Amino acid sequence: MWLTGPSGRANLRLEEAGFGVGIRMLELLCHRDKANRRETRVLGILSFVHSTVWKSLFGKVADSLEKGTEHEDEYMISEKELLVNRFVSVPGGMGGFNCGTFVAGIVKGVLDGAGFPARVTAHFVAVEGQARPRTTILIKFAEEVVQRDARLA
């Protein structure tokens, strides 16, 4: 388990629940799209998640999609005010609890279902001048995905 304590167990359960939603979301969106094309490139699947999946879930595209500066295999989807975190107040003993972990699980389900295994986590990022932190979904692709993408380039 990647976190210990009550907030870690709660985050893990949220991620697992989101994973199942992500798998089904991918099936639904592929079924709706009559072209039935399969993404083979990392940027293609990230664009699909950033726009199509996000719009289906939240009614709008995500605020930003960025490539990590420290690692070639990391990407971030950021949302100023993620819907699942908007009306939640975290109890004092669960400081590491983040409802965005549910959305991270959805993203992981979509990526895994599409053949792009990755470690997906949700993080709060403080923004100067704002009371609430921004939520960032960090996507770190498996080495096999990075190698496959390099071969296709």
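Everything quoted here is computed from the prediction, not taken from an experiment. When a residue number appears, it is its place in the shown sequence, counting from 1.
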About how many Å separate [atom2] of [Y] and [atom1] of [X], when rounded to the nearest 0.5 Å?
X	Y	atom1	atom2	result
T52	M25	OG1	CE	10.5 Å
K80	T135	NZ	OG1	12.5 Å
I45	F141	CD1	CZ	8.0 Å
R13	E15	CZ	CD	13.5 Å
E72	K67	CD	NZ	4.0 Å
I106	L14	CD1	CG	10.0 Å

Look only at the side chain of [X] and the backbone of [Y], and say whether a donor-acceptor pair between them is shorter than 3.5 Å.
X	Y	result
K108	A118	yes
D149	V42	yes
H50	A62	yes

Minimum heavy-atom distance [X]-[Y], with the two atoms named:
X	Y	result
V145	P117	CG2-CD, 3.5 Å
G113	L26	C-CD2, 3.4 Å
A104	A122	CB-N, 4.0 Å

Decide whether [X] and [Y] are clustered together by the hydrophobic rule: side chain heavy atoms of Ile, Leu, Val, Met, Phe, Trp, Tyr closer than 4.5 Å, transitively.
X	Y	answer
V61	I77	no
V21	I23	no
L43	L29	yes
M76	L111	no

Exercise. Taking it one step at a time, do W54 and L65 satisfy side chain to side chain contact (heavy atoms under 4.5 Å, CB included)?
Worked result: CA-CA 12 Å; W54 218 265; L65 170 63; over 6 Å; no

For this session: Start with the C-alpha distance between V103 and E79, add both sets of side-chain angles, then the distance that settles side chain to side chain contact (heavy atoms under 4.5 Å, CB included), and finish with yes or no.
Result: CA-CA 11 Å; V103 178; E79 188 70 41; over 6 Å; no

Exercise. Is the cationic atom of R148 (NZ for Lys, CZ for Arg) positioned less than 6.0 Å from the six-membered ring centroid of F116 and within 45 degrees of its normal?
Worked result: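 That pair qualifies as a cation-pi contact.
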
Problem set entry | Criterion side chain to side chain contact (heavy atoms under 4.5 Å, CB included) on V120 and F19, from CA distance to verdict | CA-CA 10 Å; V120 184; F19 184 85; over 6 Å; no

